[in-house]
Amino acid sequence: AKPGKDTGLLGSAVKEAGAGKPIAAKGGTLTIPADPGGALLYASKQATAEAGQLTIAMPNESGVPHNIVIDTKGKTPVIDKGTVDFSADFAPGDYVFYCSVPGHRAAGMEGKLTVK
């Protein structure tokens, strides 16, 4: 069996979590919020930044514990609510960001950061 997709009004009533526009860094800070509704996703699966020193910030309003990790660059502590961050130097390239809470990454809580 293959699941279907609701193409009626209900299918467009709620925006798909994680399907937001790509997030761009501003002033040396890249803010990637956890889904405020508690889904195991970030607000977007795509982010962009310029090469150099970058602060990665993750606001979490949901009450579900989350963090954000970029391998070889850093990670934040797991929080239920609030904002956490880390800073690192980024060379141009693609990086994967994800939540390291058990089961969250497997459920889709990851995305791609493109550094130019």
Side-chain angles (χ1 to χ4, degrees):
K2 185 176 178 184
K5 182 171 177 145
D6 190 339
T7 57
L9 289 177
L10 185 59
S12 62
V14 178
K15 186 175 113 182
E16 180 183 348
K21 293 180 183 178
I23 298 169
K26 294 179 185 173
T29 299
L30 177 62
T31 302
I32 303 173
D35 180 74
L40 301 183
L41 297 167
Y42 294 105
S44 178
K45 292 182 177 221
Q46 300 289 324
T48 61
E50 296 296 319
Q53 187 69 22
L54 186 63
T55 298
I56 307 294
M58 188 212 63
N60 182 9
E61 300 175 8
S62 72
V64 176
H66 295 303
N67 73 340
I68 192 164
V69 177
I70 299 177
D71 289 335
T72 74
K73 295 298 178 185
K75 68 179 186 175
T76 65
V78 175
I79 59 165
D80 294 334
K81 283 194 178 255
T83 300
V84 288
D85 63 37
F86 70 88
S87 295
D89 191 46
F90 285 81
D94 291 330
Y95 301 86
V96 174
F97 59 88
Y98 62 92
C99 181
S100 67
V101 172
H104 289 202
R105 186 176 188 184
M109 196 164 185
E110 70 177 0
K112 182 174 89 170
L113 165 60
T114 300
V115 176
K116 300 174 186 178

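With rounding to the nearest 0.5 Å, the separation of CD in Glu50 from NZ in Lys26 is 14.0 Å. Between the CZ atom in Phe90 and the CD1 atom in Ile70 there is a gap of 4.0 Å [rounded to 0.5 Å]. Note that CD1 of Ile32 and CZ of Phe97 are 4.0 Å apart. Values are rounded to the nearest 0.5 Å. The distance from atom NE2 of His104 to atom SG of Cys99, rounded to the nearest 0.5 Å, is 5.5 Å.
The side-chain contact (heavy atoms from CB on, under 4.5 Å) check on Pro36 picks up Glu61, with sequence neighbours excluded. Evaluation of the side-chain contact (heavy atoms from CB on, under 4.5 Å) rule for Ala107 yields Leu40 as partners, not counting sequence neighbours. A search for side-chain contact (heavy atoms from CB on, under 4.5 Å) contacts involving Lys112 returns Gln46, Asp94, Thr114, not counting sequence neighbours. With sequence neighbours excluded, the residues that form a side-chain contact (heavy atoms from CB on, under 4.5 Å) with Ala25 are Leu30, Ala49, Leu54. In terms of the side chain to side chain donor-acceptor pair (under 3.5 Å) criterion, residue partners of Ser87 (sequence neighbours excluded) are, by chain and number, Thr55. Asp71 pairs by the side chain to side chain donor-acceptor pair (under 3.5 Å) definition with Tyr98, not counting sequence neighbours. Evaluation of the side chain to side chain donor-acceptor pair (under 3.5 Å) rule for Tyr95 yields no partner, not counting sequence neighbours. Applying the side chain to side chain donor-acceptor pair (under 3.5 Å) test to Ser100 and every residue at least two apart in sequence or in another chain returns Asn67.
For the side chain to side chain contact (heavy atoms under 4.5 Å, CB included) test with Met58, the passing option among Val69, Ile68, Thr31 is Ile68; the others fail.
Sorted by first and then second residue, the pairs that involve residues 97-110 and meet salt bridge (Lys or Arg N to Asp or Glu O under 4.0 Å), not counting sequence neighbours, are Arg105-Glu110. Contacts classified as side-chain hydrogen bond (donor to acceptor under 3.5 Å, both in side chains) and involving residues 72-86 (residues at least two apart or in different chains) are not found.
Linking Ile, Leu, Val, Met, Phe, Trp and Tyr whenever their side-chain heavy atoms come within less than 4.5 Å puts Phe86 and Tyr42 in one cluster.
Nearest heavy atom pair, residue Asn60 against residue Ala34, reads OD1-CB, 3.9 Å. The two residues Leu41 and Met109 make their nearest non-hydrogen contact at O-CE, 3.7 Å. Considering every non-hydrogen atom in both Val78 and Pro65, the closest pair reads CG1-CB, 3.6 Å. Of all heavy-atom pairs between Ala91 and Ala51, the closest is C-CB, 4.4 Å.
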